[in-house]
Structure formats: structure tokens, C-alpha cells
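The next block holds one structure in the form of C-alpha cells; read it before the comments.
Excluded from the calculations below are hydrogen atoms, water molecules and symmetry mates; all remaining heavy atoms, backbone and side chain alike, are included. We name chains A, B, ... by the order of the sequence lines, and we start the count at 1 in each one.
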Protein chains: 2
Amino acid sequence: TLVFAPNTQEFVVRLLSCLPTHRRPRILTTDGEFHSFARQVARLEEDGLLAVTRIPAEPGRDCLPRLIEAARQGFDMIWVSEVFFTSGAALTGLDALAEAAGEAILVVDGYHAFMARPVDLSAIAGRAFYLAGGYKYAMAGEGACFLHCPPGWLPRPRSTGWYAGGAETPIAYAEDAYRFMGSTFDPSGLYRLNAVMGWLAGLGVDAAAIHAHALALQARFVAGLPAGGLDPTRLVVPVSDPARGNFLAFDLDDAEALQARLAAAGIVTDRRGRRLRIGFGLYHTAEEVDRLLDRLGSV
Amino acid sequence: TLVFAPNTQEFVVRLLSCLPTHRRPRILTTDGEFHSFARQVARLEEDGLLAVTRIPAEPGRDCLPRLIEAARQGFDMIWVSEVFFTSGAALTGLDALAEAAGEAILVVDGYHAFMARPVDLSAIAGRAFYLAGGYKYAMAGEGACFLHCPPGWLPRPRSTGWYAGGAETPIAYAEDAYRFMGSTFDPSGLYRLNAVMGWLAGLGVDAAAIHAHALALQARFVAGLPAGGLDPTRLVVPVSDPARGNFLAFDLDDAEALQARLAAAGIVTDRRGRRLRIGFGLYHTAEEVDRLLDRLGSV
């Protein structure tokens with residue numbers, strides 16, 4: 001069952017609030033998690049309130065086997081992205097991680113996968129928490145994040161919104177995912193999310209179709225890259241690897257300068273440090289990719 | 001300086017996250033705090049993570065002196081409503097509480113005062129946190145809550161949104177109130193809040209005028225109450241006491257049944273347990289109060 005929140009950071013805090021308090025909780029995660037989680041656990045680590053083991057998120061193909069191996073050591077929580085925001089690499093086969101997770105709380109951050117790739121975690125729906133939101137590929141804007149809660153896990157979060165249950169003593173909680181509910185919030189984002197989902201359903205467009213469209217544009221883009229410019233060998237996840245999301249990440253020494261030159265030519269990209277990210281969406285066409293390639297030739 | 005959040009519960013958690021971790025923090029508050037705070041601290045108290053001292057919120061005139069007396073015992077945090085949601089009673093003279101608070105974090109929950117009464121806490125602006133939001137008297141809908149942060153207090157909340165500073169190690173924080181910032185959020189509510197504030201300013205209507213209008217309607221209402229119906233002696237805060245907000249709270253044995261009868265007559269009221277609350281707003285007229293009194297005569 002699902003519960004909604006204005007942002008995923010509320011869920012980060014509420015999930016962390018379920019960890020043991022009589023000893024320092026142990027967390028297994030990667031070094032490629034999004035700021036909403038990475039900053040929070042780093043801060044708690046500073047005060048010695050958490051012990052955090054971080055597995056390298058790259059190369060993407062090695063990350064899940066390493067996580068699975070580490071998980072057998074025993075942790076209180078395992079937190080991992082389904083698609084990494086710094087590389088676009090996707091983890092596939094999360095059921096094996098669920099199997100290795102033992103008693104650990106398992107959380108999959110699906111923000112960069114939701115509506116970007118087909119997601120089927122039904123095999124671990126009874127085991128894993130899954131969070132995502134509408135701000136990126138679901139095109140719903142802010143304020144429409146959600147958490148799937150497996151039944152029976154974490155019935156009484158210590159960070160407790162007042163919508164999550166009544167005012168009785170002891171504090172009561174909803175039995176479904178509403179136990180992770182916060183408080184008063186603006187539902188506009190949910191209406192937007194519903195509108196987008198209804199619109200896509202009416203067009204017969206699902207996440208698989210969106211992903212296939214983005215992959216085709218990515219392939220067209222990389223195949224047409226002019227010589228001497230963006231170097232396909234600098235792709236963090238090569239186009240030949242299907243385990244990735246809907247953007248391409250180039251790892252470049254001159255990422256900042258290149259981004260500035262692209263911007264001057266009217267080409268909007270995203271950059272995280274030395275990673276230049278180029279996104280391909282449902283709303284882009286092959287003709288637009290060709291125009292982009294033409295323009296890149298003169299940058 | 002101010003910081004915004006989708007709801008005040010985010011601020012509750014972020015403020016509580018600043019408490020000491022090497023011993024059980026001591027909190028001084030009242031038994032009349034809103035659920036967003038009351039439920040949260042009750043839950044932490046259950047696990048022995050907080051020691052909470054609750055001063056009776058009623059009678060309203062006694063609450064502040066009792067808080068001041070208790071405060072001298074020494075607490076880590078003092079949390080108090082400016083206007084109580086269960087009674088409408090207002091605490092005036094919070095500067096004396098600030099003086100007695102010692103080293104305690106002082107938080108004033110102004111939700112039921114903001115835009116309902118003139119609020120001037122400038123004397124303790126450098127000492128007290130103040131939070132409120134746009135959902136009630138400011139007529140801005142959900143998603144427009146704010147926290148005033150006194151300079152120097154609580155520079156590094158442990159519950160840390162990723163907008164509150166960069167990703168450096170050690171975790172960096174903004175020096176202004178943005179240190180209490182969360183993450184991605186829908187700013188629509190802030191536009192609504194701004195629109196309402198601009199509209200009121202254009203009309204020359206401020207919180208004092210809103211409050212005076214509501215008090216006049218309340219006085220007209222109570223003076224005209226038909227005999228044998230709602231009993232003015234059951235008012236939690238009598239109309240003769242100016243230290244109150246913009247609603248009247250009746251304490252009634254048959255509050256639930258009466259609310260149902262009123263609803264059947266098309267009269268919308270609010271009820272919290274045995275407290276029937278009747279709100280008087282900027283958008284009500286004396287003529288509407290007279291019509292309400294007429295209709296009450298036949299309930």
C-alpha cells in the first residue's frame with residue numbers, strides 16, 4: 001500500500017526513525033545515493049549516531065553483486081537507488097539483494113527509475129520499501145512523492161506525522177502505508193500526477209514505451225556524435241548496456257567549461273561535478289536529436 | 001530570517017533533532033499543543049527518548065505564569081502555542097518566558113495567532129523560534145508554513161534537508177534560517193500566501209483589523225444568543241477576556257449531539273472532543289451573525 005508526501009526527504013527521516021536506539025545502527029548503502037539520503041546519513045554519521053558502509057556505485061554492473069556480498073554481514077538498513085543519479089546506471093535483480101538482506105530494512109529509491117524504465121518489483125513487494133515521486137520522469141511537478149510500505153515492516157515510525165493515526169495513548173498507527181503519513185499537505189501535485197497518468201494511459205504510453213523511446217534517441221545521438229567533440233568512450237554507462245535510465249552521463253575533465261560552451265550555443269544540459277548529463281524524454285523527437293547533433297558540430 | 005516548509009511538522013522534527021543525544025532531553029510544554037507536536041513528543045516519550053513536562057493550558061490566564069515558574073528548573077526545549085487550538089486562549093507576555101528560559105531552545109507555535117491577532121514578538125526575535133503557516137487565518141491554503149530562526153541558535157539540525165547547505169564534509173549549513181530548509185517542494189502555496197498578503201495590504205487590512213472584526217462579531221454573537229441554547233458561561237475564554245484568538249470554544253457535555261443538530265440546520269461548526277468551536281473570520285459580516293442567531297433560535 002502507498003502513502004504520499006511532499007518530498008522524499010520526509011520518508012528518509014521517517015524510515016531512519018525506525019532504527020534501533022539502544023546501539024549504533026548499521027546502514028549499508030552506496031556512494032551514489034541522492035543528496036536527500038546521502039546528506040542526512042552523513043550528518044548522523046558525524047555525530048556517531050549511525051555506522052554507514054558505502055559500496056561504490058560504479059562500475060554499475062559491479063554494484064549489486066558487491067551490495068549482496070556485503071549485505072550478508074548483517075545490517076539494520078539497506079538503502080539503494082534503482083537508477084543512480086550520477087551515472088544513469090540501473091540495478092537489475094534487486095530480488096537477490098532482498099534475499100541477502102536478512103532482517104535489514106530494505107529501501108529502494110526509485111526516483112530516477114519511476115516512469116523512466118519499466119519497474120517490476122512485485123517479487124519483493126512484501127519485503128522492500130520503495131519510494132519515488134512525480135518531479136522527474138512522471139512530469140507531475142513537485143509535491144507528489146510516494147512510499148510503498150511492505151506489510152508488517154516498521155509499524156510505528158518514531159518520526160510520526162499526526163495524520164498517521166489517532167491521538168490515543170499509546171500512540172496509534174494506521175495498519176497500511178498511512179503509518180508513514182506526515183501532516184497537512186497540498187494535494188495539487190497528486191492531481192497533476194493523476195492527470196499525467198490518465199493522459200499517458202489514454203495515449204497507450206507506458207514506462208516501457210517511454211524507456212524505449214529514450215533509448216532510441218540516445219542511440220541516435222551517440223551514433224551521430226561529430227568526431228572531436230563529446231567522446232562516447234567517456235559515457236559512464238555505454239549505450240550498449242541496457243541497464244540504465246533515460247539520461248546519458250559523460251565523465252569529463254572539462255565538464256564545466258563544456259557545459260558553458262553548450263549553454264552559449266543554446267544547448268541545455270545538467271552537470272554534477274565532472275558529470276555532464278544529457279536527458280532524453282518522451283517529449284523529444286528524432287528530428288530534435290538531429291538538430292542537436294548539427295548544433296554540436298559547431299560548438 | 002525565515003525558512004519555508006510544506007508543513008510545520010517538518011519543523012517539529014528538525015527542531016527536535018537539535019536536542020542533546022548524550023542524555024534524555026527535557027522538554028517543557030503544555031497539555032494544549034497541537035497534534036503536530038503533541039503526537040510526536042508523546043511517541044518519543046513512549047520510548048524513553050524524551051522527558052516531557054506538561055503545564056495545563058487552562059485556565060489560559062494561569063498558563064504563562066506556570067510555564068515561567070517551571071522554566072526556571074532548566075529545560076532543553078520549551079515549546080508553547082501562542083493561541084491554543086482547543087480554547088482560543090492567547091498567551092501574552094512571552095518575553096517573560098524567554099527571560100526565564102535560560103539555555104532552553106524556545107519555540108512559539110503561532111499557527112492560531114498568525115493573521116488572527118496582531119503578533120509582535122520583536123522583543124524576543126533574537127531568542128525564540130516562531131513557526132506558523134498559511135492554512136488558517138492567512139487564507140493561503142496548504143503548503144505555506146514558515147519558521148523564524150533566531151541568529152546563532154541551532155546552527156546544525158541533525159534532521160537535515162538537502163537544500164539546507166552543500167554536500168561538503170563536514171556537512172555545511174546556511175547561516176540564515178535556510179539551515180532549517182528541507183528539500184524539493186511545491187512553492188504554489190507561497191504564491192497564494194503572497195497573493196493574499198498583497199490583497200490585504202491593498203485593502204489596508206492588517207492582523208489588528210482582522211482581529212478587531214472577529215472580536216466584534218464574537219461579541220455580537222454572544223450578546224444575541226437565544227436563552228436556553230448555547231450557554232455563554234460555557235465559553236472556555238469569556239468574551240470579556242481579550243487574550244484570545246478568532247474563534248469561540250464552548251465546553252459542552254453534549255457537544256457532539258449539538259454539533260449534529262447544528263449541522264442539520266446548515267450551521268457548520270468544528271469540534272474537538274467536548275469543545276464546540278465557532279470561527280469568526282474577516283469574510284463574515286454582522287448580518288451573517290444575525291442570521292446565524294435567528295437560525296440558532298430554532299435548533
Any side-chain to backbone donor/acceptor pair from A:Arg43 onto B:Ala172? Under 3.5 Å, distance only. no
Rounded to the nearest 0.5 Å, what's the gap from CE on A:Met181 to CD on B:Gln9? Could you check? 10.0 Å
Backbone N or O of B:Gly166 within a donor-acceptor pair of the A:Arg39 side chain at under 3.5 Å? yes
Separation between CZ (A:Arg192) and OG (B:Ser188), nearest 0.5 Å, reads 5.5 Å
What part of B:Glu10 gets within 4.5 angstrom of chain A, counting heavy atoms only: side chain, backbone, both, or neither? side chain
Shorter than 4.5 Å, heavy atoms on both sides: which option in A:Pro6, A:Ala144, A:Ala5 has the most such pairs with chain B? A:Pro6
B:Ala164, part contacting chain A, at a heavy-atom distance under 4.5 Å: both
Is the CD atom of A:Glu103 crowded by more than 12 outside heavy atoms at less than 6.0 Å? no
dist B:Thr184:OG1 -> A:Tyr135:OH (nearest 0.5 Å) comes out at 6.0 Å
Heavy-atom contacts under 4.5 Å, residues 156-163 of chain B to chain A: B:Arg156, B:Pro157, B:Arg158, B:Ser159, B:Thr160, B:Gly161, B:Trp162
Members of residues 44-55 of chain B whose heavy atoms come closer than 4.5 Å to chain A: B:Leu44, B:Glu46, B:Asp47, B:Leu49
Between atom CD of B:Glu142 and atom OG of A:Ser183, what is the distance when rounded to the nearest 0.5 Å? 10.5 Å
